[in-house]
Amino acid sequence: MLEKLLTGPKTYYLWLLFLLAVIAGCGLVYLQQLQEGLSITGMSRDVSWGLYISQFTYLVGVAASAVMLVLPAYFHHYKKFKRMIIFGEFMAISAVVMCALFIVVDLGQPQRMMNVLLHPTPNSVMFYDMIVLIGYLTLNAVIGWVTLEAERHDVEPPKWIKPLIYLSILWAFSIHTVTAFLYAGIPGRHYWLTAIMAARFLSSAFCSGPAILLLLILRRLTGFDPGRDAIKTLTTIITYAMCINVFFYLLEVFTAFYSGIPGHQHPLVFLFAGHEGHVSWVTNWMWAAVVMAAASLIILIPPQWRTGPLLPLALVLLVAASWIDKGLGLLIGGFTPNMFETVTEYAPTGREIIVALGVYAVGALVLSLLWKIALGVKRETGHFSD
């Protein structure tokens with residue numbers, strides 16, 4: 001199937017060249033980081049996690065969201081999703097690749113990653129996070145390739161793949177749950193010290209991940225039509241997941257302010273209004289996320305709107321709102337104010353953003369190549385459109 005990568009329109013090759021150029025340019029900036037260290041970033045002694053880890057957190061959710069296609073198709077035999085499953089699995093692969101790269105760039109010396117393997121520490125949540133991510137990457141690679149090969153030859157997938165598919169469903173829940181434990185297990189950070197952190201992570205993943213998938217495979221971009229019924233069902237899942245996600249966040253707000261515990265209130269106050277004269281640059285972003293989340297639900301909740309021409313706009317608003325919440329607010333709210341009730345401002349530097357863009361370019365390259373193979377097979381077998 002690799003021969004599918006060698007054919008395509010000029011726009012396909014121009015897109016690949018563009019991504020390679022971005023990767024090369026951002027790679028030069030990363031070489032500067034390797035030489036100068038993390039001092040080129042906005043991180044400090046008080047803010048030890050920044051843009052890199054926040055993107056890692058968000059992308060783990062994108063990877064886990066593939067289960068929203070696999071679970072209905074194999075547990076409930078909803079065949080409408082089976083035409084889209086391969087795109088979800090390949091998107092999960094690219095997301096996990098980006099997750100791994102964000103961990104690499106977050107380390108001052110990448111070779112230190114080997115310490116996790118050479119000196120395993122089963123009492124560390126990070127150890128288990130590495131295991132579940134590697135396992136999930138392997139599962140999706142094997143399942144995706146084997147099922148696509150079977151589709152190409154118009155035969156049923158081999159029976160031995162079924163247990164792996166069921167295992168991948170459980171594994172999808174585990175990768176974001178373990179990632180949530182990385183945050184919720186730190187008692188000194190009030191914003192993260194909540195029993196529903198894993199539930200919040202999963203709900204946000206199950207709305208934003210499928211929304212990204214739908215945006216990417218809409219007919220205007222790839223020419224592939226997943227089918228009206230599949231789109232309708234997936235948007236319904238997205239709507240419910242987004243409602244749950246917003247509800248969970250409001251629970252955090254109620255608990256923080258009704259309890260009157262200052263430590264739980266301060267991060268939220270800092271994010272939305274500032275703290276003791278310190279107004280963060282992220283405040284406007286957080287209010288924008290509130291507006292976009294509300295607007296997306298206004299469009300998605302009425303059935304006649306979420307199946308109409310406003311659907312792409314609703315998906316864009318939803319993805320942007322969830323990215324701001326997990327990609328910006330989660331880290332900044334967790335670190336400020338710190339345990340001593342002082343404020344250390346954090347903002348990513350230009351070079352930090354460029355390195356992050358380079359990682360996203362790598363993910364886009366992996367996704368483009370994998371989807372090129374999948375689209376080629378579907379076009380070859382006549383499964384490209386209804």
S.K.: Could you measure the distance from the NZ atom of K162 to the CG atom of L167? Nearest 0.5 Å is fine.
M.R.: 15.0 Å
S.K.: Measure up the W145 and F90 rings against each other and bin them: parallel (under 30°), tilted (30 to 60°), perpendicular (over 60°).
M.R.: tilted
S.K.: Counting only N and O atoms by type, is there a donor-acceptor contact under 3.5 Å from the side chain of S48 to the main-chain atoms of R45?
M.R.: no
S.K.: As an exercise, state the distance from OG1 of T177 to CG of L202, rounded to the nearest 0.5 Å.
M.R.: 4.5 Å
S.K.: Hey, would you say the F81 and Y74 ring centroids sit under 6.0 Å apart?
M.R.: no
S.K.: Are Y58 and F102 close enough that their ring centers fall under 6.0 Å?
M.R.: no
S.K.: Might you confirm whether atom CD of Q304 has over 12 heavy atoms from other residues, nucleotides or ligands at distances under 6.0 Å?
M.R.: yes
S.K.: Work out which heavy atom in M43 is nearest to a heavy atom in L38; give both atom names and the distance.
M.R.: CE-CD2, 4.2 Å
S.K.: How close do L193 and A184 get, counting heavy atoms only, and between which atoms?
M.R.: CD1-O, 3.7 Å
S.K.: Nearest 0.5 Å, what's the OG1-CG distance between T336 and D46?
M.R.: 10.5 Å
S.K.: Is the number of heavy atoms from other residues, nucleotides or ligands within 6.0 Å of CZ (F247) greater than 12?
M.R.: no
S.K.: Around Y13, counting heavy atoms of other residues, nucleotides and ligands shown, do more than 12 lie under 6.0 Å from its OH?
M.R.: yes
S.K.: Ring-plane angle category for F87 and W371, please: parallel below 30°, perpendicular beyond 60°, tilted otherwise.
M.R.: perpendicular
S.K.: Flag the pair L34 / P110 as yes when at least one side-chain heavy-atom distance between them is below 4.5 Å, and no otherwise.
M.R.: yes
S.K.: Show me the donor-acceptor pairs, under 3.5 Å and distance only, between side chains in residues 60-70 and residues at least two apart or in other chains.
M.R.:
residue	atom	partner	partner atom	Å
S65	OG	V62	O	2.6

S.K.: Quick one: does any side-chain atom of H153 pair with a main-chain N or O of E149 as donor and acceptor, under 3.5 Å?
M.R.: yes
S.K.: Specify the closest pair of heavy atoms between Y136 and S168, including all atoms of both residues, with the distance to one decimal.
M.R.: CE1-O, 3.8 Å
S.K.: What's the verdict on side chain to side chain contact (heavy atoms under 4.5 Å, CB included) for I161 and V142, showing C-alpha distance, side-chain angles and the deciding distance?
M.R.: CA-CA 9 Å; I161 205 70; V142 172; 4.1 Å; yes
S.K.: Please round to the nearest 0.5 Å and tell me the distance separating atom CG of L133 and atom CD1 of I175.
M.R.: 6.0 Å
S.K.: With side chains defined as the heavy atoms from C-beta onward, is the minimum distance between I237 and F206 less than 4.5 Å?
M.R.: no
S.K.: Measure the shortest side-chain to side-chain distance between L297 and M242 over non-hydrogen atoms and say whether it is less than 4.5 angstrom.
M.R.: yes
S.K.: Is there a path from M91 to L369 through hydrophobic residues (I, L, V, M, F, W, Y) whose side chains come within less than 4.5 Å of each other?
M.R.: yes
S.K.: Determine yes or no for a side-chain-to-main-chain donor-acceptor pair under 3.5 angstrom, with E352 supplying the side chain and G42 the backbone.
M.R.: yes
S.K.: Apply side chain to side chain contact (heavy atoms under 4.5 Å, CB included) to the pair Y52 and T41, showing each step before the final yes or no.
M.R.: CA-CA 10 Å; Y52 299 153; T41 71; 4.0 Å; yes
S.K.: Looking at T255 and E252, would you say the former's side chain and the latter's main chain have a donor-acceptor pair under 3.5 Å?
M.R.: no
S.K.: Using atom types as modelled and distance alone, determine if a side-chain donor or acceptor of Q33 lies under 3.5 Å from a backbone N or O of V105.
M.R.: yes
S.K.: How about F335 and Y191: are their ring centroids closer than 6.0 Å?
M.R.: no
S.K.: Does F181 belong to the same Ile/Leu/Val/Met/Phe/Trp/Tyr cluster as F248, with side-chain heavy atoms less than 4.5 Å apart forming each link?
M.R.: no
S.K.: Answer yes or no: does atom NZ of K82 have more than 12 heavy-atom neighbours from other residues, nucleotides or ligands under 6.0 Å?
M.R.: yes
S.K.: For a 4.5 angstrom cut-off between non-hydrogen side-chain atoms, does Y249 reach I196?
M.R.: no
S.K.: Report yes if the side chains of L331 and Y183 come closer than 4.5 Å at any heavy-atom pair, otherwise no.
M.R.: yes
S.K.: Quick check: is F201 connected to L251 through a chain of hydrophobic side chains (ILVMFWY, heavy atoms under 4.5 Å apart)?
M.R.: no
S.K.: Any donor and acceptor pair, going by atom type alone, linking the side chain of S94 with main-chain N or O of L367 inside 3.5 Å?
M.R.: no
S.K.: Look at the rings of W285 and W281 and say which category their plane angle falls in: under 30° parallel, 30 to 60° tilted, over 60° perpendicular.
M.R.: perpendicular
S.K.: Would you check if the side chain of W171 reaches a backbone N or O of G135 as a donor-acceptor pair within less than 3.5 Å?
M.R.: no
S.K.: Should F75 and Y166 be marked as a ring pair (Phe, Tyr, Trp, His ring centres under 6.0 Å) after you check the CA-CA gap, both sets of side-chain angles, and the distance that decides it?
M.R.: CA-CA 8 Å; F75 268 50; Y166 295 138; 5.5 Å; yes
S.K.: Atom CG in L182, atom OH in Y128: separation rounded to 0.5 Å?
M.R.: 12.5 Å
S.K.: Can you list the steps and then say if R306 with I299 is a side chain to side chain contact (heavy atoms under 4.5 Å, CB included)?
M.R.: CA-CA 6 Å; R306 69 168 173 260; I299 298 173; 5.6 Å; no
S.K.: Taking I134 as the starting point, is it possible to reach L139 by hopping between hydrophobic residues whose side chains are less than 4.5 Å apart?
M.R.: yes
S.K.: Is there a path from L250 to Y240 through hydrophobic residues (I, L, V, M, F, W, Y) whose side chains come within less than 4.5 Å of each other?
M.R.: no
S.K.: Side-chain contact test, heavy atoms from C-beta onward, threshold under 4.5 Å: evaluate it for I231 versus L311 and give yes or no.
M.R.: yes
S.K.: For Y78 and T233, which I'm curious about, is there any donor-acceptor pair between the side chains at under 3.5 Å?
M.R.: yes
S.K.: Enter the distance from H275:NE2 to H266:NE2 here, rounded to the nearest 0.5 Å.
M.R.: 5.0 Å
S.K.: Taking all heavy atoms of M84 and all of A230, pick out the closest pair and write down the distance.
M.R.: CE-CB, 3.9 Å
S.K.: With no hydrogens and no angle check, just 3.5 Å: does a side-chain donor-acceptor pair link S204 and K326?
M.R.: yes
S.K.: Please report the C-alpha distance between T179 and D129 in whole Å, then the side-chain angles of each, then the deciding distance to 0.1 Å, and finally whether the side-chain hydrogen bond (donor to acceptor under 3.5 Å, both in side chains) criterion is met.
M.R.: CA-CA 6 Å; T179 304; D129 202 35; 3.2 Å; yes
S.K.: Using residues 15-32 as the side-chain source, report each donor-acceptor pair under 3.5 Å to any protein atom, sequence neighbours left out, with the distance given to one decimal.
M.R.:
residue	atom	partner	partner atom	Å
W15	NE1	S368	OG	2.8
Q32	OE1	R351	NH1	3.1

S.K.: Output yes when D325 and R200 qualify as a salt bridge under the 4.0 Å nitrogen-oxygen rule, no when they do not.
M.R.: yes
S.K.: Can you see which heavy atom on L271 is nearest to which on M286, and at what distance?
M.R.: O-CG, 3.8 Å
S.K.: For a quick test of reading the model, state the closest non-hydrogen atom pair linking I40 to T349 and the distance between them.
M.R.: O-OG1, 2.6 Å
S.K.: Report the C-alpha distance between W49 and L330 in whole Å, list the side-chain angles of each, state the deciding distance to 0.1 Å, and finish with yes or no for side chain to side chain contact (heavy atoms under 4.5 Å, CB included).
M.R.: CA-CA 11 Å; W49 290 350; L330 183 70; over 6 Å; no
S.K.: Compare all side-chain heavy atoms of F56 with those of I103 and state whether any distance is below 4.5 angstrom.
M.R.: yes
S.K.: Decide yes or no for T121 and M126: does some side-chain heavy atom of the first lie under 4.5 Å from some side-chain heavy atom of the second?
M.R.: no
S.K.: Determine whether a donor-acceptor pair (N or O, by modelled atom type, separation under 3.5 Å) exists between the side chain of T283 and the backbone of V279.
M.R.: no
S.K.: For the pair N115 (side chain) and H119 (backbone), establish whether a donor and an acceptor sit closer than 3.5 Å, ignoring hydrogens and angles.
M.R.: no
S.K.: Examine distances only and state if a side-chain atom of E89 and a backbone atom of A141 form a donor-acceptor pair shorter than 3.5 Å.
M.R.: no
